[in-house]
Amino acid sequence: MKVFDDKHIKNVVFVGAHNSGKTTLAETMLFEAGLTKRRGTIEENNTVSDYHEIEHERQASVFATPIHTEWRNYKINIIDTPGLDDFIGEIISSIRVGDTIATVINGRHGVEVGTEIIWNYIDKYNKPTLFIINQIDHPDCNFEDAFKSIKTLVGNNAVQIQYPIKLDGAQCIIDVLKMKCYKFGPEGGKPEKLPIPDHEKEMAELLHNELVEKAAENDEELMELYFDKGTLNEDEMRQGIKAGMLNHDLFPVFCVSALEDMGSGRLMGFIDNVAPAAADLKGEQSLEGEEIVPKVDAPTSLFIFKTLYQPNLGQITFFKVKSGEVNVNDKLTNSRNDETEVINQLYIMDGKTRQPVNKLTTGDIGATLKLKFTDTTDTLYSGSKPITIKPIQYPEPRINKAVTVTDKADDEKLSDALKRIHKQDPTVVINYSKESKEQILGCQGELHLAIIDWTLKNNYGVTANYNKPKIKYRETIQRSSTANYRHKKQSGGSGQFAQVHLKIEPWFEGMPEPEGFNIRGKEEVDLAWGGKLVFYNCIVGGVIDLRYLPSVMKGVLEVMEEGPLTGSYIRDVRVMVYDGKMHSVDSNDISFKIAGAHAFKEAFLNANPKLLEPTNELTVKVPEDMVGNVMTDLQSRRSIIQGFDNLDHYQILKCTIPAAELFGYSTDLRSLTQGKATFSSRFSSYQPVPSNLQKQLVKEEV
């Protein structure tokens, strides 16, 4: 297979909302370049990128799929991504390794909420971006409105390269960079190149001049040329557009009909001649503080951006060559664990098709099989100096479910399968809660969960159940209380005896030391589940030997691990042991542990115990015209609104909400806002449960 140098490799990531036409456009580009003889369709389940069985069932992209094409001596690597934000992990990973992000817009709908979510990540990574308005031949396409929505999203730096017109009933595209009119036949394909019609010349000249100005703004030399000549030629405009894209200050806008193959060839020409290559991008800093220079003669570094498991093939690891080059049989080191990996095979992947190659160079995207020690976001490197590329930060789960198997014999299979699913998709988070004795599965939404469930059933033969996780309540006290307990047990020979008197109080940071006690010792325990136990030795006269006090504290901690109200952990209590009795023969550690536990439990129940619930900070981004419904729903969930921010035509609601009320929120919010609102949440603090709810929870536990 032909080897391309780093300046002739272009990595383009297709992103956009669901049903914007990304997969169809990718398929059309492969066909236009002659790499396929027939264009596949989503309806016929024969596109190159959507090849997984689940994608055929849903007729939508679920995975980000690398493919490639060649156009006029350039290699264009395309990553076709899903459009739904349930699969945001696939999208983020692809953006991270893209050199140019091609954002596809449905010409009938303009920028949609899915596009806005994706744009936040494009903007975060500062990636060169172009926009493609699709379906220009559709009767309901409104190019002007779609373009306005792009400007609303990114500002006035969105600039038209093209716009569509109809000429004698035929679909045409006016290109204001080349100042040509492309006229397409009914079946698309190669257009007829015409002069711009007279009635469009004024508009084309206006847009051309705007493009010239925008191109000149991004390069001082071009600006001087522009002032001298009053214009720029086509090559100079290309130079300025490329500089603007690299600065993340200029966003070219194209138009196509992916379905009818109109405009795809011109788009590929622009990607070849203008869109940045990996070699054009600024080097990035490694975690070791060294610059990773995208050059062939630099030490080799590969960034792992995707892992995929296929039933008959095993683990496929996708990577981008960030520097140097990689050859078959190279030995590279994983910077995370210092393990050596041997690259036994190298492939260019086109969907499910693997094309073996012997070498890949800087900027290229490839894959290898059966690496033993390498996961997504790892770095493989050559040479003596470690290179660690900054890992991808994935969003926190938006929904959590307690997952169990239908058949207990499948417990181990479930655990192994979930580990593989997490490796394949890091936005799937698996935790075992020791507190609730549940395996918790976190993911991005109900659709994401449905895909996970399908994968478990069809790829691993595991049927699972998904339930509401138990809420991790805490117990504490609201006033002081005293208690004493005598433990006495006689069963022949040495018996058991211990008596403990103690007082308990609510603990808070900075409180004064207890009054009325002779404090002989103090121990502060930072509890693993949050909060503190502060334990005081206030024994006078040696009524309890000092060696038994640790056993008393063990008894207290034992009760704190399973509180009397609901079996939840106890937190933020201080205990003063001030009196007791012991026996010279029968007293021992176990006796004082039992006595301490019973005395603490009795005192706790008499200290006006209170149940605490976890609360989250919740941020909701919602269109202005839907704020009322969202706020009403939030109030019904016992949330407290903390404030509002404005962002374009959105409101950002910030509030605190009990974690128990977040169950099902992802689905309900999507339903309330037709999928136009998004949210994020994170743990904030523990707060008192309302009295009526506490009674109900305690009753349920009993």
Side-chain angles (χ1 to χ4, degrees), residues 432-438 470-489 496-509 511 513-514 517 519-539 543-582 587-614 685-686 688 697-698 701:
Y432 180 76
S433 171
K434 182 182 175 184
E435 183 177 348
S436 62
K437 299 178 177 62
E438 294 175 312
K470 294 174 184 175
I471 299 299
K472 297 172 183 178
Y473 293 102
R474 297 287 182 263
E475 299 179 17
T476 193
I477 55 175
Q478 299 181 91
R479 63 177 176 82
S480 63
S481 172
T482 58
N484 74 85
Y485 187 84
R486 173 181 287 204
H487 174 67
K488 186 175 182 180
K489 186 177 181 183
Q496 292 181 359
F497 179 84
Q499 186 167 345
V500 172
H501 293 247
L502 54 76
K503 180 178 181 179
I504 66 173
E505 293 177 340
W507 174 86
F508 58 88
E509 193 72 53
M511 70 186 301
E513 298 287 28
F517 293 99
I519 299 173
R520 311 275 304 274
K522 174 183 176 182
E523 188 167 349
E524 293 189 13
V525 180
D526 290 313
L527 302 167
W529 51 88
K532 274 194 178 183
L533 164 67
V534 183
F535 188 85
Y536 290 91
N537 168 16
C538 303
I539 296 297
V543 292
I544 299 177
D545 198 300
L546 189 63
R547 64 195 169 103
Y548 291 132
L549 284 174
S551 297
V552 175
M553 191 170 79
K554 281 182 183 177
V556 170
L557 282 167
E558 206 169 74
V559 176
M560 292 185 77
E561 289 195 19
E562 194 167 348
L565 293 181
T566 61
S568 304
Y569 289 130
I570 294 171
R571 60 178 286 166
D572 299 332
V573 176
R574 70 179 184 183
V575 178
M576 288 72 74
V577 179
Y578 62 88
D579 201 0
K581 289 182 181 178
M582 61 181 180
S587 289
N588 52 30
D589 286 327
I590 189 67
S591 300
F592 275 96
K593 179 181 170 184
I594 292 169
H598 280 278
F600 178 76
K601 184 174 182 179
E602 182 183 331
F604 185 88
L605 289 170
N606 291 326
N608 194 11
K610 188 67 180 173
L611 203 59
L612 305 175
E613 63 181 342
S685 63
Y686 276 90
L697 290 167
V698 172
E701 193 64 30

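- For the pair Glu475 and Pro609, the minimum side-chain heavy-atom distance is 4.5 Å or more.
- Here the OG atom belonging to Ser591 is positioned 9.0 Å from the CZ atom belonging to Phe497, to the nearest 0.5 angstrom.
- Note that CD1 of Ile539 and OH of Tyr578 are 9.5 Å apart. Values are rounded to the nearest 0.5 Å.
- Ala597 and Gly555 get closest at one heavy-atom pair: CB-O, 3.4 Å.
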- Message: For a side-chain contact (heavy atoms from CB on, under 4.5 Å) check, start with the C-alpha distance between Glu505 and Arg479, then their side-chain angles and the critical distance, and finish with the verdict.
- Response: CA-CA 6 Å; Glu505 293 177 340; Arg479 63 177 176 82; over 6 Å; no

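- What you find for Ala599 and Ala483 is that their closest heavy atoms are O-CB, 3.4 Å.
- With rounding to the nearest 0.5 angstrom, the CZ atom of Phe600 is 16.0 Å from the OH atom of Tyr485.
- Scanning all heavy atoms of the two residues, the minimum distance from Gly580 to Ile544 falls at CA-CD1, 3.8 Å.
- Across every non-hydrogen atom of Ile590 and Gln496, the tightest pair is CG2-NE2, 3.9 Å.
- Looking at heavy atoms from C-beta onward, Met553 lies out of side-chain contact with Val575 at the 4.5 angstrom threshold.
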- Task: Test side-chain contact (heavy atoms from CB on, under 4.5 Å) on Val573 and Trp507 and set out the steps.
- Result: CA-CA 5 Å; Val573 176; Trp507 174 86; 5.7 Å; no

Identify each donor-acceptor pair in which a side-chain atom of residues 558-565 lies under 3.5 Å from a protein atom, sequence neighbours left out, and give them as a table.
unit_1 : atom_1 : unit_2 : atom_2 : d
Glu558 : OE2    : Lys593 : NZ     : 2.8

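- Atom OG1 of Thr482 is separated from atom CE of Met576 by 10.0 Å, given to the nearest 0.5 angstrom.
- Leu546 CG to Arg520 CZ: the interatomic distance, rounded to the nearest 0.5 Å, is 8.0 Å.
- Between Phe604 and Ile570 there is a side-chain heavy-atom pair separated by less than 4.5 Å.
- From Phe508, atom CZ reaches atom CZ of Arg574 across 7.5 Å, with rounding to the nearest 0.5 Å.
- Among all heavy-atom pairs drawn from Ala603 and Leu502, the shortest one is CB-CD1, 4.0 Å.
- The shortest distance between side-chain heavy atoms of Cys538 and Val577 does not fall below 4.5 Å.
- In this structure, the side chains of Asn484 and Asp579 stay at 4.5 Å or more apart for every pair of heavy atoms.
- Not one N or O on the side chain of Asp545 forms a donor-acceptor pair closer than 3.5 Å with the backbone of Tyr548.
- Between the side chains of Asn606 and Ser481, no donor N or O sits under 3.5 Å from an acceptor N or O.
- Counting heavy atoms from C-beta outward, Lys437 and Tyr432 have side chains that approach closer than 4.5 Å.
- A side-chain donor-acceptor contact under 3.5 Å links Glu438 and Ser436.
- Closest of all the heavy-atom pairs between Ala607 and Ile504 is CB-CD1, 4.1 Å.
- Under the 3.5 Å distance criterion, with hydrogens and angles disregarded, no donor-acceptor pair is assigned to the side chains of His487 and Gln499.
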- Message: salt bridge (charged side-chain N to carboxylate O under 4.0 Å, His left out) for Glu435 and Lys472? Distances and angles first, verdict last.
- Response: CA-CA 7 Å; Glu435 183 177 348; Lys472 297 172 183 178; 5.2 Å; no

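- With contacts defined as side-chain heavy-atom distances shorter than 4.5 Å, the pair Val698/Thr566 qualifies.
- In this structure a side-chain-to-backbone donor-acceptor pair under 3.5 Å is missing from Thr476 to Lys610.
- By the 4.0 Å N-to-carboxylate-O rule, Glu513 lies close enough to Lys522 to be salt-bridged with it.
- Leu549 is not listed as a side-chain neighbour of Phe592, based on a closest heavy-atom distance of 4.5 Å or more.
- Proximity of a side-chain donor or acceptor of Asp572 to a complementary backbone N or O of Lys532 within less than 3.5 Å is detected.
- Using modelled atom types, no side-chain atom of Arg474 and backbone atom of Pro614 make a donor-acceptor pair closer than 3.5 Å.
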